[in-house]
Asks: 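Submitted below is the structure of interest, expressed as structure tokens.
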Amino acid sequence: MKASLALTAIAALAAKASADCWSKTHGYPCCSSASTKVMYTDNDGEWGVENGNWCGIVKDDPRESCFSYTLGYPCCTSTTNVIYTDSYGRWGIEEGNWCFLGDSSNPGYDSYEYTIGDQYSFSGNPFAGHKFYINPYYVDEVDKAIAQMNGSLRIKAEKLKEYSNAIWLDTIHKMEVRLERNLRGALAQQNAEGSTVLTVFVVYDLPGRDCQALASNGELLANDGDMERYKSDYIDIIDSHLSTYKSQPIVLVIEPNSLANLVTNLENIPACADSEKYYLDGHAYLIKKFGSHPHVAMYLDIGHAFWLGWDDKRASAAKIYSKVINSGAPGKVRGFASNVANYTPWEDPELSSGPDTEWNPCPDEKRYIKAMYKEFKSAGISSVYFIEDTSRNGVKNDRYHPDEWCNQTGSGIGARPKAYPVSGMEYLDAFYWVKPYGESDGTSDESDRHFDGYCGHRTAMKPAPEAGHWFQDFFEEGLKNANPPL
């Protein structure tokens, strides 16, 4: 097998997640077997009946039983001819591609040896002085996208795999599948290379999540029962793994869109009013838990310049964020994440506070973060540092209005992940790619229950799949418009 197939143990540690129990969001359990008889089919999936109740049928993912899918290769289905053997097992070729024949002595990623060392503690900028862990799930998505592309775009996409982005824990199931496997992956790399490896996760499963947007509503509802489940089945499990993997640096981006909604949408959106106490309780609980670990740095989401940039909104935000941080004491918060999954440019000198920006004094992210720094400091918040999501703000795109957020045409990949990216802004810890470019913001199908009107606006690319699903056309446009170029 050619040298480029020197399969790393790090990649082996991260298996692609199987399908979630999607029917739980509708109040129904999943069927006990993928072979349950299909009684009904709708836009959500296939339904069966067990014990007199509807249940969602989750189809088996062959990757769960095929070790080599975690490395980007299928298992062999017809050939038994061994072409190559390495430490993982025996390999063959089908239809011109390598495939895995298996090895009964190789039980998979859980067998890899790693060593948890002494307690690591951050000192200063959490992004400085570390290698950034490469998200294996995103590499897998990009490899599949490359197979559909030709020419120079393939070369650009290959370069994209060299950069780190965040791993989203946006359901309980994904947290169970992705968190520990990638902590092990980063630790294995850290052990092998002798230098610290930073992993970034997005914590994103609050009850009543994204109360203002239909496209990204979560699995947990705004009620007491789901709040307890959020704590016991999600936050407590994350905290347990953080306690175990104490010798490596970890960054957590906390609950995008949640607290910003409390600033702007309590009075005009009933779902946000219903979610308020769960957002506040959830943040207090997780800050107390996660903020006790010296090797973990948390950044609370603050929306973006065209959400909270106005003077009155920034002032309200300062009060709410100060209250939230204090509620989690003695847990510590490093700072704040801005522009997560959004498109607002870092600098846009053509914009000023005027009618085109609804008199927003912070019409780009640089001015917004500078203003928020002063606002938060004045509110008595002691640790005020920022990270900026530059995954999608490389160019000023075709948004009809700056608050458009769904699959915007003309978008481009932005500045590469980097610590201390701007001279003179010592409170800006990093540019980082929090949102994996190419994943959809929401469906453009008006008949879908997750359809949000913003995804049907004239500047939203169509046709678009549901939020989180791969959007090939959007991905290719981002490659073309990347700034700096790939």
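Start at 1 with the first residue, then count along the sequence.
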Asks: How long is the span from the CG atom in Asp205 to the CG atom in Leu169, to the nearest 0.5 Å?
Replies: 9.0 Å
Asks: Should the pair Phe306 and Trp310 be assigned to parallel (<30°), tilted (30 to 60°) or perpendicular (>60°) ring geometry?
Replies: perpendicular
Asks: Describe, in one word, how the ring planes of Phe376 and Phe386 are oriented to each other, choosing from parallel (under 30°), tilted (30 to 60°) and perpendicular (over 60°).
Replies: parallel
Asks: Using the side-chain hydrogen bond (donor to acceptor under 3.5 Å, both in side chains) rule, take Asn261 and Asn265 through it: C-alpha gap first, then chi angles, then the decisive distance, then the call.
Replies: CA-CA 5 Å; Asn261 270 311; Asn265 291 322; 2.6 Å; yes
Asks: Using only heavy-atom distances, determine whether the side chains of Ser391 and Asp389 contain a donor-acceptor pair under 3.5 Å.
Replies: yes
Asks: Using the ring centroid of each side chain, check whether Tyr343 and Trp405 are separated by less than 6.0 Å.
Replies: no
Asks: CG of Leu428 to CD of Glu365: how many Å apart, nearest 0.5 Å?
Replies: 10.5 Å
Asks: How long is the gap from CG on Leu259 to NZ on Lys323, to the nearest 0.5 Å?
Replies: 11.0 Å
Asks: Answer yes or no: is there a side-chain heavy-atom contact under 4.5 Å between Arg392 and Asp441?
Replies: yes
Asks: Identify whether the distance between the nearest side-chain nitrogen and carboxylate oxygen of Arg184 and Glu180 falls below 4.0 Å.
Replies: yes
Asks: Run the side-chain hydrogen bond (donor to acceptor under 3.5 Å, both in side chains) test against Lys161 and tell me which residues pass, sequence neighbours left out.
Replies: Asp143, Glu158
Asks: In terms of side-chain geometry, is the basic nitrogen of Asp364 or Arg367 positioned less than 4.0 Å from the acidic oxygen of its partner?
Replies: yes
Asks: Between Ser164 and Phe132 (side chain of the first, backbone of the second, donor and acceptor by atom type, cut-off under 3.5 Å), is there such a pair?
Replies: no
Asks: Hey, are Asp429 and Arg334 close enough for a salt bridge, meaning a charged N less than 4.0 Å from a carboxylate O?
Replies: yes
Asks: What distance do Glu388 atom CD and Asn339 atom CG have between them, rounded to the nearest 0.5 Å?
Replies: 4.5 Å
Asks: Which heavy atom of Gly414 sits nearest a heavy atom of Asn393, and at what distance?
Replies: CA-OD1, 4.2 Å
Asks: Applying the side-chain contact (heavy atoms from CB on, under 4.5 Å) criterion to Met298, which one of Val253, Ile325, Leu286 satisfies it?
Replies: Leu286
Asks: For a ring-ring contact (aromatic ring centres under 6.0 Å, His included) with Tyr373, tell me which candidate from Tyr427, Phe336, Tyr385, Tyr368 qualifies.
Replies: Tyr427
Asks: Examine the side chains of His283 and Glu255 and answer whether a donor and an acceptor come within less than 3.5 Å of each other.
Replies: no
Asks: On a heavy-atom basis, which atom in Leu266 and which in Cys272 lie closest, and how many Å separate them?
Replies: CD2-O, 3.6 Å
Asks: Applying ring-ring contact (aromatic ring centres under 6.0 Å, His included), which residue pairs with at least one partner in residues 150-172 are found, sequence neighbours left out?
Replies: Tyr163-Trp433, Trp168-Tyr204
Asks: Indicate the ring-plane relationship of Phe122 and His130, choosing parallel, tilted or perpendicular according to the 30° and 60° boundaries.
Replies: perpendicular
Asks: Taking the side chain as every heavy atom from C-beta outward, state whether Leu486 and Arg416 have any atom pair closer than 4.5 Å.
Replies: yes
Asks: Under 6.0 Å from the CD atom of Glu162, do we count more than 12 heavy atoms belonging to anything else shown?
Replies: yes
Asks: Return yes when atom NZ of Lys319 has more than 12 non-hydrogen atoms of other residues, nucleotides or ligands closer than 6.0 Å, and no otherwise.
Replies: no
Asks: Please report whether the ring centroid of Phe474 lies less than 6.0 Å from that of Tyr437.
Replies: yes
Asks: Only one of Asp236, Asp239, Asp281, Asp226 clears side chain to side chain donor-acceptor pair (under 3.5 Å) with Lys231; which?
Replies: Asp281
Asks: Quick check on Lys377: does its NZ atom have over 12 non-hydrogen neighbours (other residues, nucleotides or ligands) under 6.0 Å away?
Replies: yes
Asks: Quick check: do Glu219 and His173 have side-chain heavy atoms less than 4.5 Å from each other?
Replies: no
Asks: If you look at every heavy atom in Ser322 and Ala379, which pair is closest and at what distance?
Replies: OG-O, 3.7 Å
Asks: I need the minimum non-hydrogen distance between Phe471 and Ala464, along with the two atoms involved.
Replies: CE1-CB, 3.4 Å
Asks: State whether the side chain of Gln190 and the backbone N or O of Ser247 hold a donor-acceptor pair below 3.5 Å, judged by distance alone.
Replies: yes
Asks: Less than 4.5 Å apart, any side-chain heavy atom of Tyr278 and any of Leu221?
Replies: no
Asks: Are any of the side-chain heavy atoms of Arg209 and Ser275 separated by less than 4.5 Å?
Replies: no
Asks: Which one of Tyr133, Tyr299, Phe127 satisfies the ring-ring contact (aromatic ring centres under 6.0 Å, His included) criterion with Tyr432?
Replies: Phe127
Asks: Does any non-hydrogen side-chain atom of Lys435 lie less than 4.5 Å from one of Asn165?
Replies: no
Asks: Applying side chain to side chain contact (heavy atoms under 4.5 Å, CB included), run through Val139 and Ile134 and close with a yes or a no.
Replies: CA-CA 8 Å; Val139 171; Ile134 302 299; 3.6 Å; yes
Asks: With side-chain hydrogen bond (donor to acceptor under 3.5 Å, both in side chains) as the criterion, how do Thr443 and Asp445 come out once you've worked through the C-alpha distance, each side chain's angles and the decisive distance to 0.1 Å?
Replies: CA-CA 5 Å; Thr443 180; Asp445 180 359; 5.1 Å; no
Asks: If every non-hydrogen atom of Asp311 is compared with every non-hydrogen atom of Pro361, which pair is closest and at what distance?
Replies: OD1-CG, 3.4 Å
Asks: Checking Thr264 against Trp307: is there a side-chain donor and acceptor pair closer than 3.5 Å?
Replies: yes
Asks: What distance separates Met175 CE from Ile237 CD1, expressed to the nearest 0.5 Å?
Replies: 5.5 Å
Asks: If you define the side chain from C-beta out and look only at heavy atoms, does anything of Pro249 sit under 4.5 Å from Tyr120?
Replies: yes
Asks: Is it true that the side chains of Thr459 and Gln408 contain a donor and an acceptor less than 3.5 Å apart?
Replies: yes
Asks: Using 0.5 Å steps for rounding, measure from the OG atom of Ser338 to the NZ atom of Lys366.
Replies: 14.5 Å
Asks: Going by heavy atoms in the side chains, are Ile250 and Leu198 under 4.5 Å from each other?
Replies: no
Asks: So which atom in Asp452 and which in Gln212 form the shortest heavy-atom distance, rounded to 0.1 Å?
Replies: OD2-O, 4.2 Å
Asks: Is the NZ atom of Lys332 crowded by more than 12 outside heavy atoms at less than 6.0 Å?
Replies: no
Asks: Below 4.0 angstrom, N of the basic side chain to O of the carboxylate: do Asp170 and Lys174 qualify?
Replies: yes
